[in-house]
Participant: 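Have a look at this one.
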Amino acid sequence: MFKWWILMLLHPCVLRAEPECKHFTALDFHNSFIGTKLDVKLLLYTNETINCGNHLDHTNFTGSNLLNVKRKTTFVIHGYRPSGSPPVWIDTIVQLLLSAEDMNVIIVDWNRGAATIIYPKAAENTKRVAQILTSFIKQMIEMGSSLSSFHLIGISLGAHISGFVGNMLGGKIGRITGLDPAGPMFTGKPPAERLDPTDAEFVDVLHTDIDALGFREPLGHIDFYANGGTDQPGCPKTIFSGKQYFVCDHQRSVFLFLCSLNKTCEITAYPCSSYQTFLDGKCTECDAFLPAPCPVLGFYVYKWKDALVKLEQTKAYFSTTADPPFCKYNYLLDIITWNKSTRWGYITIKLMNGKNVTESKLDHKASKFEQYTETQLLTQFDKDVENVQKISVKFSTGNVIGPRYKLRVIRMRLKSLDNKNRPHLCRYDLIMEENTEVTFRPIICQDIEM
């Protein structure tokens, strides 16, 4: 019986068992407290093994029947893990990347090395992780991969790891995406000591926590600043919220990137000198220097690669909602008044279609309304209302005491920035009494140029 079992095991027609699925290293705060020695694991996922991570030996890689080196390969590299627990987004990013393209997705698990309460130790380990990845990529190239087929997605410290890898490979890898690159211990460092645009053929960066855990200055060919890069909507505002107060803004970069893969809606970003200038409605067109439309955040921004690389460095801004998919819908509101005296104030506008209502308060600063002068305002809504049936507007000055003012409008015009084919909506000859909401049915503008 024993002899028969051995013969069956060795027979070429006998079905071999599939490799055991491997999982991201799960540690806890105890491990973080006592410290962990660096150990890097590479977990491979493909469309054939989408629910099963397969371990790749980076120390002795001679090829694998699971790893097709001719495919595009995306490495996902996490950051500092003070709790030791696996990132909550791993399964989601694997599924979404593989639904976007047929590729190899390799999760770089360096939890042993990132899980420590001593942040400088984790930061110190980034270069060693980068050396290991660089060696592995070189082996893949020897097996037939091309440098341009690699995409490294690095989160926090992982963004700088990606930069180190790119630097070691002469800046020839295809793309690096940095998701809120870590600021502490990297701010002020020279380019060789952090992520920078020369580390890959295309480097795109998303900033969400530039006043705390993230990096403030631009690091890529295009740097996206969500809500100006600070204070993400829906994140706690006080320390009494516990851990989320410290990490929510920083982590938002990952969830914004995941939504870009999900394509529930596309977040358009607008190249601009600052977030304040963007909110002032001064940066709503890209035609002069980028292919129209303006670039979208996240995975699909590579479609603008050639133009962005020529520009060398672009800062782009956008606003979000508090909840997924985080999209705001952008309009340009154009108002011409005929008051003899200049008025300063704020506008609140609602779009309505039956029970579908959305509101935008333009209150980041008072707007100036001068006689016969066009005032352009960026208005952003949390919901997309198609076929707008009614619009309501309200003018306020914010003054508690003093006279109540009126805003006499010659023409009010509303233009969708996200849906260029939608007609521009107008209202002519309107009087707005302060703090009084005025509702009307818009008409299609007679002159559509803005």
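Residue indices begin at 1 and follow the sequence shown.
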Participant: Are the side chains of Trp110 and Ile77 in contact, using a 4.5 Å heavy-atom criterion?
Facilitator: yes
Participant: For the pair Phe369 and Phe395, name the ring-plane relationship: parallel under 30°, tilted 30 to 60°, perpendicular over 60°.
Facilitator: perpendicular
Participant: Say you draw a straight line from CZ of Phe224 to NE2 of His207; how long is it, rounded to the nearest 0.5 Å?
Facilitator: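 Here the rounded value is 10.0 Å.
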Participant: Give the intermediate values and the outcome of side chain to side chain contact (heavy atoms under 4.5 Å, CB included) for residues Val409 and Met412.
Facilitator: CA-CA 7 Å; Val409 177; Met412 179 181 296; 4.1 Å; yes
Participant: State, without any angle test, whether Asn353 and Asn387 hold a side-chain donor-acceptor pair at a distance under 3.5 Å.
Facilitator: no
Participant: Just verifying a value: how many Å separate Ile153 CD1 and Thr74 OG1, rounded to the nearest 0.5 Å?
Facilitator: 5.5 Å
Participant: Is there a donor-acceptor contact under 3.5 Å linking the side chains of His364 and Asp280?
Facilitator: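 Distance-only check passes for His364 and Asp280.
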Participant: Salt bridge or not for Arg71 and Asp102, using N-O below 4.0 Å?
Facilitator: yes
Participant: Using only heavy-atom distances, determine whether the side chains of Ser396 and Glu434 contain a donor-acceptor pair under 3.5 Å.
Facilitator: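 Glu434 and Ser396 do not have a side-chain donor-acceptor pair below 3.5 Å.
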Participant: With rounding to the nearest 0.5 angstrom, report the NE2 to OG distance, His250 to Ser156.
Facilitator: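 His250 atom NE2 to Ser156 atom OG measures 3.0 Å (nearest 0.5 Å).
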Participant: Looking at Glu437 and Lys394, is there a salt bridge between them, counting it only when a charged N and a carboxylate O are closer than 4.0 Å?
Facilitator: no
Participant: Any donor-acceptor pair under 3.5 Å linking the side-chain atoms of Thr73 with those of Asn104?
Facilitator: yes
Participant: NZ of Lys127 to CD1 of Ile161: how many Å apart, nearest 0.5 Å?
Facilitator: 12.0 Å
Participant: Output all residues satisfying side chain to side chain donor-acceptor pair (under 3.5 Å) with Asp199, sequence neighbours left out; order by chain, then residue number.
Facilitator: none
Participant: Would you call the rings of Tyr331 and Phe381 parallel, tilted or perpendicular if under 30° counts as parallel and over 60° as perpendicular?
Facilitator: perpendicular
Participant: Over all heavy atoms of both residues, which pair between Ser367 and Leu377 is shortest? Give the atoms and the distance, please.
Facilitator: OG-CD2, 3.1 Å
Participant: What is the minimum heavy-atom distance between Gly79 and Ala114, and which atoms define it?
Facilitator: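 Of all heavy-atom pairs spanning Gly79 and Ala114, the closest is O-CB, 3.5 Å.
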Participant: Between Leu332 and Leu417, does the side chain to side chain contact (heavy atoms under 4.5 Å, CB included) criterion hold? Intermediate values first, please.
Facilitator: CA-CA 7 Å; Leu332 199 61; Leu417 296 177; 4.3 Å; yes
Participant: Would you give the length of the straight line joining atom CG of Asp28 to atom OG of Ser85, rounded to the nearest 0.5 angstrom?
Facilitator: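 If I round to the nearest 0.5 Å, the distance is 9.5 Å.
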Participant: Can you tell me how the ring of His221 sits relative to the ring of Phe202, calling it parallel under 30°, perpendicular over 60° and tilted otherwise?
Facilitator: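 Correct class here is parallel.
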Participant: Take atom CD1 in Ile410; do more than 12 heavy atoms of anything else shown fall under 6.0 Å from it?
Facilitator: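 For Ile410, atom CD1 is crowded (more than 12 foreign heavy atoms under 6.0 Å).
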Participant: With a 3.5 Å cut-off and no angle check, do the side chains of Ser319 and Tyr275 form a donor-acceptor pair?
Facilitator: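 Yes, a side-chain donor-acceptor pair sits under 3.5 Å.
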Participant: For Asn330 and Gln380, does a side-chain donor sit closer than 3.5 Å to a side-chain acceptor?
Facilitator: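 Judged by distance alone, the side chains do pair up.
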Participant: Would you say the rings of Tyr225 and Tyr317 are close, in the sense that their centroids are separated by under 6.0 Å?
Facilitator: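 So the answer is yes for these two rings.
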Participant: Which pair of non-hydrogen atoms, one from Asn47 and one from Glu101, has the smallest distance, and what is that distance?
Facilitator: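 Taking Asn47 first and Glu101 second, the nearest heavy atoms are ND2-O, 4.1 Å.
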Participant: Would you call the rings of Tyr302 and Phe299 parallel, tilted or perpendicular, where under 30° means parallel and over 60° means perpendicular?
Facilitator: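 Perpendicular.
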Participant: Using a strict cut-off of less than 4.0 Å between a Lys/Arg side-chain nitrogen and an Asp/Glu carboxylate oxygen, indicate whether Arg422 and Asp384 qualify as a salt bridge.
Facilitator: yes
Participant: Considering all heavy atoms of both residues, which atom of Val385 and which atom of Leu351 are nearest to each other, and what is their separation?
Facilitator: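 In terms of heavy atoms, the two residues are closest at CG2-O, 4.1 Å.
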Participant: Decide disulfide bond (SG atoms under 2.5 Å apart) for Cys327 and Cys259; before the verdict, give the C-alpha distance in whole Å, the side-chain angles of both, and the deciding distance to 0.1 Å.
Facilitator: CA-CA 9 Å; Cys327 287; Cys259 283; over 6 Å; no
Participant: May I ask you to decide whether Glu374 forms a salt bridge with Arg411, counting only side-chain N to carboxylate O separations under 4.0 Å?
Facilitator: yes
Participant: Are there more than 12 heavy atoms of other residues, nucleotides or ligands under 6.0 Å from atom NZ of Lys340?
Facilitator: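 Not more than 12 within 6.0 Å, no.
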Participant: Can you name the residues that form a salt bridge (charged side-chain N to carboxylate O under 4.0 Å, His left out) with Lys41, not counting sequence neighbours?
Facilitator: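 Per chain and number, Lys41 pairs via salt bridge (charged side-chain N to carboxylate O under 4.0 Å, His left out) with Asp109.
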Participant: Is there a side chain to side chain contact (heavy atoms under 4.5 Å, CB included) between Ser148 and Ile173 once you walk through the steps?
Facilitator: CA-CA 5 Å; Ser148 62; Ile173 61 175; over 6 Å; no
Participant: Decide whether a cation-pi geometry holds between Lys189 and Phe215; the criteria are a distance under 6.0 Å from NZ or CZ to the six-membered ring centre and an angle within 45° of the ring axis.
Facilitator: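 Because its charged atom misses either the 6.0 Å distance or the 45° angle limit, Lys189 does not stack over Phe215.
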Participant: Let's go through Ser274 and Gln276 carefully: what are the C-alpha distance in whole Å and the side-chain angles of both, what is the deciding distance for side-chain hydrogen bond (donor to acceptor under 3.5 Å, both in side chains) to 0.1 Å, and is it a yes or a no?
Facilitator: CA-CA 5 Å; Ser274 71; Gln276 184 66 48; over 6 Å; no
Participant: Go through it in stages, so that I can follow the logic: the residues are Tyr119 and Met185, the test is side chain to side chain contact (heavy atoms under 4.5 Å, CB included), and I'd like the CA-CA distance, side-chain angles, deciding distance and then a yes or no.
Facilitator: CA-CA 9 Å; Tyr119 173 80; Met185 297 193 69; 4.0 Å; yes
Participant: For the residue pair Arg175 / Thr177, report whether a side-chain donor-acceptor contact shorter than 3.5 Å exists.
Facilitator: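 A donor-acceptor contact under 3.5 Å links the two side chains.
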Participant: Kindly assign one of parallel, tilted or perpendicular to the pair Phe186 and His160, based on the angle between their ring planes and the thresholds 30° and 60°.
Facilitator: parallel
Participant: After noting the C-alpha distance and the side-chain angles of Asp196 and Thr198, does the key distance pass the side-chain hydrogen bond (donor to acceptor under 3.5 Å, both in side chains) rule?
Facilitator: CA-CA 6 Å; Asp196 86 282; Thr198 67; 2.8 Å; yes
Participant: Step by step, would you call Asn399 with Thr397 a side-chain hydrogen bond (donor to acceptor under 3.5 Å, both in side chains)?
Facilitator: CA-CA 5 Å; Asn399 295 330; Thr397 63; 3.2 Å; yes
Participant: Does NZ or CZ of Arg194 come closer than 6.0 Å to the centre of the six-membered ring of Phe164, within 45° of the ring's axis?
Facilitator: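 No, cation not above the ring by the 6.0 Å, 45° rule.
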Participant: Just one of Thr321, Asn356, Thr358 clears the side-chain hydrogen bond (donor to acceptor under 3.5 Å, both in side chains) bar with Lys383, so which one?
Facilitator: Asn356
Participant: In terms of heavy-atom contacts, does NZ of Lys237 have more than 12 from other residues, nucleotides or ligands at under 6.0 Å?
Facilitator: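 It does: Lys237 NZ has more than 12 such atoms within range.
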Participant: Ignoring hydrogens, what is the shortest heavy-atom contact between Ala115 and Leu27? Give both atom names and the distance.
Facilitator: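 Looking at all heavy atoms of both residues, the closest pair is CB-CD1, 3.8 Å.
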Participant: Under 3.5 Å, is there a donor-acceptor pair linking the side chains of Glu370 and Thr337?
Facilitator: no
Participant: Check whether the side chains of Asp249 and Gln232 place a donor and an acceptor atom closer than 3.5 Å, and report yes or no.
Facilitator: no
Participant: Mind listing the closest non-hydrogen atom pair of Asn227 and Pro233 along with its distance?
Facilitator: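 The pair with the smallest heavy-atom distance is ND2-CD, 3.2 Å.
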Participant: Determine whether more than 12 heavy atoms belonging to other residues, nucleotides or ligands lie under 6.0 Å from atom NZ of Lys406.
Facilitator: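 For Lys406, atom NZ is not crowded (no more than 12 foreign heavy atoms under 6.0 Å).
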Participant: Once you round to the nearest 0.5 Å, how far does CD1 of Ile349 lie from CG of Leu362?
Facilitator: 7.5 Å
Participant: Mark yes when over 12 heavy atoms from residues, nucleotides or ligands other than Asp91 sit less than 6.0 Å from its CG; otherwise mark no.
Facilitator: no
